[in-house]
A.B. asks: 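Starting off with a structure, shown below.
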Amino acid sequence: MFVTTCLMSLVIIIVWRKNFLWAIGFLLFFGWIEGSYLSASVMKVPQGGWAPLALSAIFMVVMYVWHYGTRRKYMFDLQNKVSMKWILTLGPSLGIVRVPGIGLIYTELVTGVPAIFSHFVTNLPAFHQVLVFVCIKSVPVPFVPAEERYLIGRIGPKVYHMYRCIVRYGYKDIPKDDNDFENRLILSIAEFIQMEAEESQSTSYENSLDGRMAVISTPVRSSMRMVIADEDDNAAGSIPSSKSPTLQSLQSMYEMDAPQLGRQRRVRFELFNSPTVAPTVREELLELIKAKEAGVAYILGHSYIKARKSSSFLKKFAIDVGYSFLRKNCRGPAVALNIPHISLIEKILYNHLTVPWCSHPLF
């Protein structure tokens, strides 16, 4: 409790941006009360008062080990990003076969391409036509308005069909179901394509291969040329699904095992025949619609870190034992992100990323 009071005083200054006098007053008032309880526990240590202090120390060590390992892993990913020059040398096909569909690659990086993407490109025989690097971020506010939730950007030239999406949630926000997330994501990317085309006509527009992000409002503006409608197999003008019979059969079996999926509202996307839409924009939007109709796959990569041999015993124990144990026994990303199992592609990297962690040690 005393530690919580000290941290709360920092929140008042850093997050809430209040006058430091409010933080000092809060710390003195509640710190005096909780300090009294703390001193009472210290005086009763010989009689058994050590138990709450020991539990507090254990929880603090667990949280520190988790934060330390996560931070070091993030710094490694940040320092070993894939260079745009290497991606450009591969060409629009990325050196592999691009198949219809949308691939959502989850990453913790808000800029650049994660190093695990190079492993996918060099080891998978094919990849999706449209790739979206999705980053889920929690911000220190209770709720994030829907019109400020999605940040969309482009990676590489337009012919690469690679995008970045940063989804921001407050600490009280509850993520929606995966179907609603997919639809809003596609609409946000479509609106970004149109907004980018409009801004490219102005002299102030600066074309960037990576790093330019835009806040996309949801629901979309009235100038949006894509709409959601209830799916009807016999509807005229709808784009036929490009899923293979095998995939359609597997999806039907999965829906039979999970009846709640059958009750979800199915949607499809349409594009208005508007003369104001440029041919290049219309072509890119049509490719996005066809990719969505072909299916969406969630791609997760798992890497494991290891301290170098010359590290101290304490650091080896914290990373190789403590952090590794916490990662293996915590809830997996697929469960935390509510990803459907039938659409999940997981790549567990033991030999490929463990060796670089040793050659580029953490400590």
Side-chain angles (χ1 to χ4, degrees), residues 81-107 109-135 150-166 182 185-214 216 224-226 239 242 269-299 345:
K81 296 184 295 185
V82 177
S83 65
M84 285 301 305
K85 182 178 179 180
W86 180 76
I87 295 178
L88 294 176
T89 56
L90 296 177
S93 64
L94 299 178
I96 55 179
V97 179
R98 302 289 291 271
V99 298
I102 298 178
L104 303 182
I105 305 176
Y106 281 84
T107 176
L109 300 180
V110 296
T111 59
V113 178
I116 199 171
F117 178 72
S118 62
H119 180 84
F120 286 135
V121 172
T122 55
N123 290 273
L124 295 180
F127 227 166
H128 299 82
Q129 183 65 29
V130 178
L131 297 177
V132 184
F133 293 87
V134 181
C135 178
Y150 293 90
L151 284 171
I152 305 295
R154 186 187 295 276
I155 300 178
K158 294 183 179 181
V159 293
Y160 282 66
H161 301 291
M162 297 171 59
Y163 307 92
R164 182 188 311 282
C165 176
I166 301 177
E182 291 178 6
L185 178 61
I186 299 304
L187 288 174
S188 299
I189 294 177
E191 187 175 5
F192 170 79
I193 294 173
Q194 294 183 101
M195 185 178 63
E196 183 186 43
E198 295 174 358
E199 294 182 356
S200 62
Q201 300 176 359
S202 62
T203 57
S204 59
Y205 177 80
E206 295 182 0
N207 189 15
S208 176
L209 296 179
D210 187 23
R212 181 180 180 275
M213 306 292 294
I216 303 300
M224 184 65 185
R225 303 307 177 186
M226 295 183 66
I239 298 176
S242 58
F269 292 84
E270 295 179 350
L271 185 62
F272 288 144
N273 294 324
S274 176
T276 59
V277 179
T280 55
V281 175
R282 181 178 179 82
E283 180 181 358
E284 189 171 4
L285 293 177
L286 285 174
E287 291 180 357
L288 183 63
I289 296 176
K290 292 179 181 179
K292 176 60 173 66
E293 293 294 332
V296 179
Y298 297 79
I299 304 171
I345 301 176

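In this text, all values refer to a predicted model and were calculated from it rather than measured experimentally. Heavy-atom basis, side chains included; hydrogens, waters and symmetry copies ignored.
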A.B. asks: Counting C-beta onward and ignoring hydrogens, is there a side-chain heavy-atom pair between Gln129 and Lys290 closer than 4.5 Å?
C.D. replies: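 A side-chain contact under 4.5 Å is absent here.
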A.B. asks: Output the distance between atom CD1 (Ile152) and atom OG (Ser188), rounded to the nearest 0.5 Å.
C.D. replies: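 It comes to 5.0 Å.
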A.B. asks: Are any non-hydrogen side-chain atoms of Leu109 and Cys135 less than 4.5 angstrom apart?
C.D. replies: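 When only atoms from C-beta onward are counted, Cys135 and Leu109 do not touch, as no gap falls below 4.5 Å.
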A.B. asks: Going by the rule side-chain hydrogen bond (donor to acceptor under 3.5 Å, both in side chains), which residues pair with His128 if we only count those two or more places apart in sequence or in a different chain?
C.D. replies: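 Once residues adjacent in sequence are excluded, His128 has no partner under the side-chain hydrogen bond (donor to acceptor under 3.5 Å, both in side chains) criterion.
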A.B. asks: Of all the heavy-atom pairs spanning Leu88 and Pro157, show the shortest one and how long it is.
C.D. replies: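 Scanning both residues completely, I find the closest heavy atoms to be CD2-CD, 3.6 Å.
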A.B. asks: Drop me the distance from Glu196's CD to Ile189's CD1, to the nearest 0.5 angstrom.
C.D. replies: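 Answer for the CD-CD1 pair, Glu196 versus Ile189, is 12.0 Å.
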A.B. asks: Decide yes or no on side chain to side chain contact (heavy atoms under 4.5 Å, CB included) for Val281 and Ile193, but give the supporting numbers first.
C.D. replies: CA-CA 7 Å; Val281 175; Ile193 294 173; 4.0 Å; yes
A.B. asks: Within the 4.5 Å heavy-atom criterion, are Ile299 and Phe120 side-chain neighbours or not?
C.D. replies: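 Yes, at least one pair of side-chain atoms sits under 4.5 Å.
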A.B. asks: Which heavy atom in Pro125 sits nearest to a heavy atom in Ile96, and how many Å separate them?
C.D. replies: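 Minimum heavy-atom contact is O-CB, 3.9 Å.
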A.B. asks: How about Phe133 and Phe117: are their ring centres within less than 6.0 Å of each other?
C.D. replies: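 When the ring centroids of Phe133 and Phe117 are compared, they turn out to be within the sub-6.0 Å range.
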A.B. asks: Is there side-chain contact between Lys81 and Thr111, with at least one heavy-atom pair below 4.5 Å?
C.D. replies: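 In short, these two side chains touch, coming nearer than 4.5 Å.
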A.B. asks: Considering all heavy atoms of both residues, which atom of Ile186 and which atom of Leu288 are nearest to each other, and what is their separation?
C.D. replies: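 Residues Ile186 and Leu288, closest heavy atoms: O-CD2, 3.8 Å.
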A.B. asks: Using modelled atom types only, decide if a donor and an acceptor are shared between the side chain of Arg164 and the backbone of Gly112 within a distance under 3.5 Å.
C.D. replies: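 Between the backbone of Gly112 and the side chain of Arg164 there is a qualifying donor-acceptor contact (under 3.5 Å).
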A.B. asks: Is there a side-chain contact between Val130 and Tyr163, using heavy atoms and a 4.5 Å cut-off?
C.D. replies: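 Side-chain contact under 4.5 Å: yes.
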A.B. asks: Within the 4.5 Å heavy-atom criterion, are Leu104 and Leu185 side-chain neighbours or not?
C.D. replies: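 Yes, their side chains come closer than 4.5 Å.
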A.B. asks: With sequence neighbours excluded, what pairs up with Tyr160 under the side-chain hydrogen bond (donor to acceptor under 3.5 Å, both in side chains) test?
C.D. replies: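 If we apply the side-chain hydrogen bond (donor to acceptor under 3.5 Å, both in side chains) test to Tyr160, skipping adjacent residues, there are no hits.
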A.B. asks: Strictly distance-based, threshold 3.5 Å: is any side-chain N or O of Arg154 a donor or acceptor partner for the main-chain N or O of His161?
C.D. replies: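 It does not hold such a pair.
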A.B. asks: Is it the case that the side chains of Glu191 and Tyr150 hold a donor-acceptor pair, with the cut-off being a distance below 3.5 Å and no angle test?
C.D. replies: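 Not at all, the side chains of Tyr150 and Glu191 share no donor-acceptor pair under 3.5 Å.
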A.B. asks: When you compare the side chain of Leu94 with that of Met162, does any pair of heavy atoms fall below 4.5 Å?
C.D. replies: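 In contact.
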A.B. asks: Do Leu285 and Gln194 have side chains that approach each other closer than 4.5 Å (heavy atoms only, starting at C-beta)?
C.D. replies: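 Touching, per the 4.5 Å side-chain cut-off.
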